[in-house]
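Here is the structure we will look at.
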Amino acid sequence: MDQFHDIRPYNDDEVAGVLQNLLETPDFINTIIGFRFPGWPTFLRGPLSLLVKMALKRQFSGIRNVRDFQMGVANYMERMIKNTTTDVEYRGIDKLQKDVGYLFLSNHRDIAMDPAFVNYGLYMAGLDTVRIAIGDNLLRRPFVSDLMRLNKSFIVKRSANGIREMMAAFGQLSSYITHSITKEHCNIWIAQKEGRAKDGLDQTDPAIIKMFYMSQKKDKVAFPEAMANLNVVPVSISYEYDPCAFDKARELHQKSTTGNYEKAEFEDIDSIKNGIVGQKGKVVVTFGDVITTEGIETPEDFVEEVDRQILSHYAIQPSNESAFAMQQGMPATDSAFEVYMQTCPEALRETVLAMYANPLKQKQKYVNV
């Protein structure tokens, strides 16, 4: 019996059926039309639907397994990198070995692009791509779930209700992660805490570490040994510009002024789209060292080491330096950032500056920059 059937990525033998189902899903077709043909009159929806279906059927005909699907994603990544970044740099990836399953524990800035950039670096280095943890809050539209699971995503059941249901969901998730790494030697990507760090402050949630340990704790494995089995590698992702910065600032500003923020129904989907197509400047992905558990006895000890690596390895960008200077009442150190801030609504200005300056402030605790 497949104990992970409801959360795991799709297997190769399921790909053809999922793709066929997508072709027959009006929500999926209409979303593509809205993305590719914004502003076109509604009376053209019918003909456009037929054209989109024909084009997709042609593209899908060459996809027979998960690898084929991911090769298509890689081609799209190449175009996206060319159109939305000035440079992408990978650091520390040479330390990783083939045929070893790693648990990449990453800071979190962008819903789709964080794991995508990690994946692309691994792919270019000839290493296996990751299985990506994604919250079920992002999967309210069934076709989104299908697309994510075709791309090796697995589901984190954040919407579980009640203590018993939550513990069962976390236990299943913990077992799946441990099984993927120790039995199948597959790579995993998961964020260091639930949700993006909208304020630019990166901090690992101890609950994530405790969840990792749950399945091995049941088997009476000591915490240090259990964590060593998972080959945890902290990852720092740094964007010169965040395409969703002003949207994040608007949410933070509203929460600080009214005490509440209500998301629109498909706001997360819009964030995914904006993160993909928006300008990012330079992107730096830094892989840390596998955490050895010498001197680490508790989840809190482990959190401290993850945070140390993520923050000390974080690549400081000209935007971070400029924001920090502007907070002190000095001119921006980079003219491009100064122009960028001129497009920021005045009410959001201090929030956006803090968002970009905070990574520099956090890193100063660990190294001189």
Side-chain angles (χ1 to χ4, degrees), residues 6 9-85 110-117 119-120 123 129 132 134-155 241-244 246-247 250 262-280 343:
D6 56 334
Y10 289 127
N11 295 323
D12 285 343
D13 61 358
E14 297 169 306
V15 170
V18 174
L19 292 176
Q20 183 59 41
N21 183 61
L22 284 170
L23 286 175
E24 303 303 324
T25 303
D27 192 20
F28 174 56
I29 302 300
N30 289 332
T31 298
I32 291 178
I33 291 172
F35 185 72
R36 293 294 300 272
F37 308 103
W40 281 49
T42 54
F43 72 83
L44 289 176
R45 274 293 162 100
L48 283 174
S49 293
L50 291 174
L51 289 173
V52 167
K53 279 188 179 182
M54 289 172 58
L56 287 174
K57 191 171 184 179
R58 193 162 52 246
Q59 290 181 24
F60 288 174
S61 66
I63 299 175
R64 295 176 178 80
N65 51 44
V66 172
R67 177 175 169 76
D68 289 343
F69 184 85
Q70 290 210 307
M71 289 301 293
V73 174
N75 292 335
Y76 185 87
M77 276 292 293
E78 289 170 0
R79 294 197 299 273
M80 183 278 301
I81 287 171
K82 181 179 179 181
N83 294 330
T84 72
T85 72
D110 188 277
I111 296 170
M113 297 317 303
D114 291 351
F117 276 114
N119 242 357
Y120 190 70
Y123 163 72
T129 54
I132 303 164
I134 183 167
D136 60 2
N137 58 300
L138 301 173
L139 307 177
R140 295 173 186 169
R141 301 164 86 168
F143 80 84
V144 176
S145 176
D146 283 340
L147 288 172
M148 294 295 190
R149 294 176 74 184
L150 282 171
N151 196 37
K152 292 175 67 172
S153 292
F154 61 95
I155 299 170
Y241 293 99
D242 183 342
C244 299
F246 295 171
D247 293 330
R250 193 170 292 108
E262 201 71 39
K263 278 188 178 181
E265 184 179 6
F266 298 123
E267 186 171 327
D268 286 329
I269 303 300
D270 289 335
S271 294
I272 290 174
K273 182 186 76 172
N274 294 337
I276 293 171
V277 303
Q279 293 300 311
K280 305 165 189 64
T343 68

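Everything numeric here is computed off the predicted structure, so don't read it as measured data.
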Output, in order, the C-alpha distance, side-chain angles, deciding distance and verdict of side-chain contact (heavy atoms from CB on, under 4.5 Å) for Met77 and Met113. CA-CA 10 Å; Met77 276 292 293; Met113 297 317 303; 3.8 Å; yes
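Checked against ring pair (Phe, Tyr, Trp, His ring centres under 6.0 Å), Tyr241 has the following partners two or more places apart in sequence or in another chain: Tyr340. For Pro38, the side chain to side chain contact (heavy atoms under 4.5 Å, CB included) test picks out no residue, with sequence neighbours left out. Partners of Lys263 by salt bridge (charged side-chain N to carboxylate O under 4.0 Å, His left out), not counting sequence neighbours, listed by chain and number: Asp268. Checked against salt bridge (charged side-chain N to carboxylate O under 4.0 Å, His left out), Glu267 has no partners two or more places apart in sequence or in another chain. Here Asp114 pairs with nothing under the salt bridge (charged side-chain N to carboxylate O under 4.0 Å, His left out) rule; sequence neighbours left out. Residues that satisfy the side chain to side chain contact (heavy atoms under 4.5 Å, CB included) test with Thr25, not counting sequence neighbours, are Asn21, Asp27, Phe28, Phe143. Residues satisfying the side chain to side chain contact (heavy atoms under 4.5 Å, CB included) criterion with Thr129, sequence neighbours excluded, are Gln70, Asn119, Tyr123, Lys152. Here Arg149 pairs with nothing under the salt bridge (charged side-chain N to carboxylate O under 4.0 Å, His left out) rule; sequence neighbours left out. Glu24 pairs by the side chain to side chain contact (heavy atoms under 4.5 Å, CB included) definition with Gln20, Lys53, not counting sequence neighbours. Residues meeting the ring pair (Phe, Tyr, Trp, His ring centres under 6.0 Å) test with Phe154, sequence neighbours left out: Tyr176. For Asp136, the side chain to side chain donor-acceptor pair (under 3.5 Å) partners two or more places apart in sequence, or in a different chain, are Ser159.
Taking OH of Tyr120 as the start and OH of Tyr76 as the end, the distance is 13.5 Å to the nearest 0.5 Å. Considering CD1 of Ile276 and OG1 of Thr84, their distance stands at 9.5 Å, rounded to 0.5 Å. The distance from atom CG of Leu147 to atom CD1 of Ile272, rounded to the nearest 0.5 Å, is 10.0 Å. If you take NZ on Lys273 and OG1 on Thr31, they are separated by 10.0 Å, rounding to the nearest 0.5 Å. Ser145 OG to Tyr10 OH: the interatomic distance, rounded to the nearest 0.5 Å, is 5.0 Å. Distance check: Leu56 CG to Leu19 CG gives 9.5 Å after rounding to the nearest 0.5 Å.
A donor-acceptor contact shorter than 3.5 Å links the side chain of Gln279 to the backbone of Asn83.
Considering only heavy atoms from C-beta on, Lys280 comes within 4.5 Å of Pro243 through its side chain. At a threshold of 4.5 Å between non-hydrogen side-chain atoms, the residues Asp247 and Asn274 count as touching. In this structure, the side chains of Val66 and Val15 come closer than 4.5 Å at one or more pairs of heavy atoms.
Summarising the geometry of Cys244 relative to Gly275, their closest heavy-atom pair is SG-N, 3.9 Å, with the distance given to 0.1 Å.
For residues 58-74, no residue pair satisfies the salt bridge (charged side-chain N to carboxylate O under 4.0 Å, His left out) rule, not counting sequence neighbours.
In summary, of the residues considered (Leu138, Asp110, Ile111), a side-chain contact (heavy atoms from CB on, under 4.5 Å) with Ser271 occurs for Ile111 alone. Each of Leu44, Leu51, Leu48 was compared with Ile33 under the side-chain contact (heavy atoms from CB on, under 4.5 Å) criterion, and only Leu48 meets it.
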